[in-house]
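Quick notes on the structure that follows.
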Amino acid sequence: MKKIEHIGIAVKDLDASEKLYTKLLGVEPYKREEVEAQKVMTSFLRLGPNKIELLAATSEDSVIHKYLEKKGEGMHHIAFAVTDIRAEMARLQAEGFRLLQEEPSAGADNKLVCFLHPKGTAGVLVELVQDN
Ligand code: CO
């Protein structure tokens with residue numbers, strides 16, 4: 001893996017959280033993008049080589065809606081940049097990690113993504129991202 005690509009933060013109110021993170025980090029979000037497959041609206045702020053991804057649910061059956069109900073707002077996942085997502089998925093599976101998907105899917109920011117089960121990663125939801 002190359003670096004931390006972004007950190008995902010689950011939020012209830014995207015407008016309010018954009019304002020909060022703009023104040024906190026001193027940078028404005030550079031884009032919003034809906035990920036229909038996961039029923040989330042994302043907003044990205046760039047900070048040096050990394051990004052912060054704010055995630056809000058667009059529907060009550062969104063994974064983020066369920067997460068917010070259970071745990072409230074907070075850090076949701078860490079995304080690591082990889083060069084070859086399929087090779088990395090095969091490597092991790094061989095190492096005994098549980099992948100939440102068999103094939104990479106289309107994520108925000110024009111990336112191919114794959115999530116790992118947090119039970120196998122010390123409670124942290126890990127996302128692999130490859131530039132598409
Ligand atoms: Co993400």
Side-chain angles (χ1 to χ4, degrees):
M1 298 193 196
K2 296 195 288 187
K3 62 165 188 176
I4 293 175
E5 212 276 338
H6 66 265
I7 292 172
I9 298 169
V11 303
K12 285 183 185 156
D13 180 334
L14 199 56
D15 290 328
S17 299
E18 282 181 332
K19 286 195 186 90
L20 178 70
Y21 274 83
T22 296
K23 214 189 288 178
L24 177 71
L25 303 175
V27 291
E28 303 258 343
Y30 65 91
K31 76 158 163 182
R32 271 192 184 195
E33 186 179 338
E34 188 171 2
V35 183
E36 280 181 35
Q38 293 172 36
K39 296 179 180 151
V40 294
M41 181 64 80
T42 65
S43 176
F44 284 90
L45 300 96
R46 197 183 305 277
L47 198 66
N50 312 114
K51 297 173 208 159
I52 299 293
E53 175 186 38
L54 303 174
L55 301 145
T58 56
S59 156
E60 293 219 331
D61 58 351
S62 160
V63 287
I64 293 300
H65 182 80
K66 286 170 202 150
Y67 183 90
L68 289 168
E69 292 225 304
K70 220 165 123 186
K71 300 194 170 171
E73 291 185 304
M75 224 185 80
H76 180 257
H77 65 271
I78 299 183
F80 295 99
V82 300
T83 310
D84 181 341
I85 196 165
R86 285 189 170 81
E88 200 61 28
M89 286 165 70
R91 182 184 76 81
L92 293 171
Q93 209 152 25
E95 293 280 6
F97 291 97
R98 221 168 104 202
L99 308 180
L100 287 175
Q101 51 199 101
E102 284 178 14
E103 283 293 314
S105 56
D109 221 13
N110 195 33
K111 309 280 190 192
L112 279 177
V113 307
C114 174
F115 285 93
L116 271 62
H117 200 294
K119 278 197 177 137
T121 48
V124 176
L125 181 60
V126 169
E127 177 183 20
L128 310 176
V129 295
Q130 179 197 302
D131 284 322
N132 204 349

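Atoms within each ligand, like the ligands themselves, are counted from 1 in listed order.
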Consider only side-chain N and O atoms of His77 and Glu53, and report whether a donor and an acceptor are under 3.5 Å apart.
yes

Polar side-chain atom of Glu34 near backbone of Glu36 as donor-acceptor pair, under 3.5 Å
no

Donor-acceptor pair, Glu73 side chain versus Lys12 backbone, under 3.5 Å?
yes

Which atom of Glu127 is nearest the Co ion (ligand 1), counting N, O or S only? It is OE1

Please determine if the Co ion (ligand 1) has an N/O/S atom from His77 lying under 2.8 Å away.
yes

N/O/S atom of Glu53 inside 2.8 Å of the Co ion (ligand 1), strictly under
yes

According to the interplanar angle, ranging from 0 to 90°, do the rings of Tyr30 and Phe44 count as parallel (below 30°), tilted (30 to 60°) or perpendicular (above 60°)?
tilted

